[in-house]
Amino acid sequence: WNLDGLMEKVWEYLDLIRIYTKPKGQIPDYDAPVVIPRSHTKIEDLCDRLHKGLKKDFKYAFVWGLSV
């Protein structure tokens, strides 16, 4: 069985993405990504996923990576 290949196909089929958060001055936490559908990739969507009250007080975000 090729479980890695199966997992990759599941991710492609569900069209999910991983977002890694990083507190200021620290390294990203690669063990606990936030998983959201590719159709909900706005910063507002991420804030709602983390905490409903976060969007109201949110000021800015640094976004980086190959797919940005």
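Every value quoted in this text rests on a predicted model; they were computed, and no experiment measured them. Only heavy atoms go into these numbers, but all of them, side chains included; no hydrogens, no water, no symmetry mates.
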Quiz prompt | Heavy-atom side-chain proximity of I17 to I36 below 4.5 angstrom | solution =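 They are in contact (side-chain heavy atoms under 4.5 Å apart), so the answer is yes.
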Practice problem: Using a 4.5 Å cut-off on heavy atoms from C-beta on, say whether the side chain of Y13 contacts that of K9. | Solution: no
Exercise. Please name all residues satisfying ring pair (Phe, Tyr, Trp, His ring centres under 6.0 Å) with Y20, sequence neighbours left out, ordered by chain then number.
Key: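 In terms of ring pair (Phe, Tyr, Trp, His ring centres under 6.0 Å), with neighbours along the sequence ignored, Y20 is linked to Y30.
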Quiz item: Among all residues two or more places apart in sequence or in another chain, which pass the salt bridge (charged side-chain N to carboxylate O under 4.0 Å, His left out) test with D48?
Solution: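 Only K55 meet the salt bridge (charged side-chain N to carboxylate O under 4.0 Å, His left out) criterion with D48.
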Self-check item: Residues that D57 engages under salt bridge (charged side-chain N to carboxylate O under 4.0 Å, His left out), provided they are two or more places apart
Solution: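 Applying salt bridge (charged side-chain N to carboxylate O under 4.0 Å, His left out) to D57 gives none.
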Quiz prompt | Nearest non-hydrogen partners of F58 and I43, listed with the distance | solution = CE2-CG2, 3.5 Å
Exercise. Please name the pair of heavy atoms, one in N2 and one in G5, separated by the smallest distance, quoted to 0.1 Å.
Key: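 Closest pair (atom of N2, atom of G5, distance): OD1-N, 3.0 Å.
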Quiz item: About how many Å separate SG of C47 and NZ of K52, when rounded to the nearest 0.5 Å?
Solution: 11.0 Å
Quiz prompt | Residues in side-chain contact (heavy atoms from CB on, under 4.5 Å) contact with L46, at least two apart in sequence or another chain | solution = I19, V34, L50
Quiz item: What residues, two or more places apart in sequence or in another chain, satisfy side-chain contact (heavy atoms from CB on, under 4.5 Å) together with I27?
Solution: none
Practice problem: Output every pair passing salt bridge (Lys or Arg N to Asp or Glu O under 4.0 Å) with a member in residues 18-38, not counting sequence neighbours, ordered by first then second residue. | Solution: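 Qualifying pairs: D15-R38.
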